[in-house]
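Throughout, residue positions are numbered sequentially from 1 according to the sequence presented. Remember, predicted model here, so these are calculated numbers, not experimental data.
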Amino acid sequence: MELPLVVGVDGSEPSRQAVDWAVAEAARHGLPLRLVYASLWERYEGAGPAADEEPSERAVAEHILGTATERARRGDPDVKVSAEVVPDGAVPALLRESHHAFAVVTGSRGRGELAGLLLGSVSLAVAGRAHCPVVVVRGDKAGLAGTHERIVLGAGDPSSGGEEAVRFAFREAEVRGCTLDAVRAWRRPARDTVPHPLLTGSPEHHHHQRASEELDAALHDAATDHPSVRLRRVTVEGSAGKVLVARSAAADLLIIGARLRHGHAGHHLGRVAHTLLHQADCPVAVVPQRA
């Protein structure tokens with residue numbers, strides 16, 4: 001049985017953008033689409049209300065879900081769509097869905113959040129704790145439309161736990177028929193101002209060479225398994241967050257890994273992940289890597 005692509009919907013404009021993005025993604029992968037609206041109305045309204053006394057929150061939930069379902073079916077009639085109102089909070093509902101999903105898709109903000117917020121609390125919490133890839137749909141018009149024909153993978157750091165992210169990126173590039181830019185950003189330590197006496201060449205050369213070797217090692221297996229993918233290896237000195245945000249302006253999807261550690265509440269989302277989830281100009285996929 002194929003795992004569905006799950007979308008959290010709430011009637012907001014970012015939610016509608018998430019539905020549109022997810023319909024195209026489901027079509028590319030040949031996946032069913034599952035729309036989920038989380039609502040706690042059942043807990044507070046009591047069981048079995050009379051038909052003429054339908055709770056307003058129930059009516060809102062069913063309207064939002066029905067509208068999202070119609071939008072998804074208009075987007076691509078060939079995509080199989082199912083929908084459910086789940087009696088729970090948005091975060092626990094989507095985390096539970098993540099155990100049985102190809103990926104979970106959310107908008108960048110929710111219906112009840114301030115428009116000035118850069119990233120909604122639900123999106124951030126789900127991206128940081130889900131058991132499957134989470135895509136936060138955000139960015140400019142071109143990034144949302146997928147017209148760049150390029151995806152970007154933040155890769156290469158052995159401590160980032162990125163093997164699953166690498167595989168996810170190659171699969172995405174293959175089904176989209178687009179170029180994959182695998183980017184490894186590196187920074188020279190402040191104390192490293194003079195060459196080591198036993199090494200030849202500048203410190204910059206050695207750090208660049210090491211980053212290139214780490215990137216090659218991170219990509220090797222997936223590149224072998226997906227020979228048709230057009231791959232560009234990029235190593236650049238600079239802050240990983242700034243480098244990847246800049247490259248997101250010419251990308252349809254930005255992919256990063258997050259390590260899921262046993263005994264912890266969720267992934268280890270560091271500064272780079274937070275920067276990208278708040279500032280990227282295209283959708284961002286956070287892919288968990290189990291320790």
Requested in this report: Flag the pair Arg167 and Glu164 as a salt bridge only when some basic side-chain nitrogen lies within less than 4.0 angstrom of an acidic carboxylate oxygen.
Outcome: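 So Arg167 pairs with Glu164 through a salt bridge.
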
Requested in this report: Applying side-chain contact (heavy atoms from CB on, under 4.5 Å), name anything that partners Ala240, two or more places apart in sequence or on another chain.
Outcome: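 Scan of Ala240 (side-chain contact (heavy atoms from CB on, under 4.5 Å), adjacent residues dropped) gives Ala185, Val272.
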
What is the minimum heavy-atom distance between [X] and [Y], and which atoms define it?
{"X": "Leu153", "Y": "Leu180", "answer": "CB-CD1, 4.0 Å"}
{"X": "Val286", "Y": "Ala127", "answer": "CG1-O, 3.8 Å"}
{"X": "Ile256", "Y": "Leu276", "answer": "CG2-CD1, 3.5 Å"}
{"X": "Leu231", "Y": "Ala223", "answer": "CD2-CB, 4.3 Å"}
{"X": "Arg129", "Y": "Val91", "answer": "NH1-CG1, 3.9 Å"}
{"X": "Leu94", "Y": "Gly8", "answer": "CD2-CA, 4.0 Å"}

Residue pair [X] / [Y], side-chain heavy-atom distance below 4.5 Å:
{"X": "Val137", "Y": "Val135", "value": "yes"}
{"X": "Glu2", "Y": "Pro32", "value": "yes"}
{"X": "Tyr37", "Y": "Asp10", "value": "yes"}
{"X": "Leu277", "Y": "Ser123", "value": "no"}
{"X": "Ser39", "Y": "Pro87", "value": "no"}
{"X": "Val9", "Y": "Val19", "value": "yes"}
{"X": "Leu219", "Y": "Val166", "value": "yes"}
{"X": "Phe170", "Y": "Asp221", "value": "no"}

Query - Joint hydrophobic cluster, Val245 plus Val236, side-chain heavy atoms closer than 4.5 Å - result: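 Same cluster.
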
Query - same_hphob_cluster(Phe168, Leu3) at 4.5 Å side-chain heavy-atom cutoff - result: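 Yes, same cluster.
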
Query raised in the report: Does one side chain, of Thr235 or His208, offer a donor that lies under 3.5 Å from an acceptor on the other?
Result: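 Yes - a donor-acceptor pair under 3.5 Å links their side chains.
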
Does any N or O in the side chain of [X] come within less than 3.5 Å of the main-chain N or O of [Y], such that one atom is a donor and the other an acceptor?
{"X": "Arg138", "Y": "Ala280", "result": "yes"}
{"X": "Arg16", "Y": "Gly11", "result": "yes"}
{"X": "Thr179", "Y": "Arg150", "result": "no"}
{"X": "His278", "Y": "His274", "result": "yes"}

Find the distance between [atom1] ([X]) and [atom2] ([Y]) and round it off to the nearest 0.5 Å.
{"X": "Leu254", "Y": "Asp181", "atom1": "CG", "atom2": "CG", "value": "10.5 Å"}
{"X": "Arg184", "Y": "Glu237", "atom1": "CZ", "atom2": "CD", "value": "12.0 Å"}
{"X": "Leu35", "Y": "Leu5", "atom1": "CG", "atom2": "CG", "value": "9.5 Å"}
{"X": "His100", "Y": "His131", "atom1": "NE2", "atom2": "NE2", "value": "10.0 Å"}
{"X": "Asp225", "Y": "Arg171", "atom1": "CG", "atom2": "CZ", "value": "10.5 Å"}

Among all residues two or more places apart in sequence or in another chain, which pass the salt bridge (Lys or Arg N to Asp or Glu O under 4.0 Å) test with [X]?
{"X": "Asp20", "value": "Arg71"}
{"X": "Glu70", "value": "Arg74"}
{"X": "Arg230", "value": "none"}
{"X": "Arg176", "value": "Glu25, Glu172"}

Requested in this report: Go through Ser228 and Glu174 one step at a time and tell me if the side chain to side chain contact (heavy atoms under 4.5 Å, CB included) criterion holds.
Outcome: CA-CA 7 Å; Ser228 65; Glu174 189 168 65; 3.5 Å; yes

**Report entry** Candidate pair Ile151 and Cys178, rule side chain to side chain contact (heavy atoms under 4.5 Å, CB included), full reasoning
**Finding:** CA-CA 7 Å; Ile151 63 176; Cys178 71; 4.0 Å; yes

Report task. Would you check, one step at a time, whether the test side chain to side chain contact (heavy atoms under 4.5 Å, CB included) holds for Trp186 with Leu215? Result -> CA-CA 11 Å; Trp186 59 272; Leu215 182 59; over 6 Å; no

**Report entry** Glu84, CD atom: more than 12 neighbouring heavy atoms under 6.0 Å
**Finding:**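 Yes, the 6.0 Å shell around CD holds more than 12 heavy atoms from other groups.
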
Query raised in the report: Which pairs with one or both residues in residues 239-256 pass side-chain hydrogen bond (donor to acceptor under 3.5 Å, both in side chains), sequence neighbours excluded?
Result: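 Output for this query is empty, none listed.
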
Report task. Start with the C-alpha gap between Gln17 and Leu144, add the side-chain angles, then the distance that decides, and say whether side chain to side chain contact (heavy atoms under 4.5 Å, CB included) holds. Result -> CA-CA 8 Å; Gln17 291 176 345; Leu144 292 171; 3.9 Å; yes

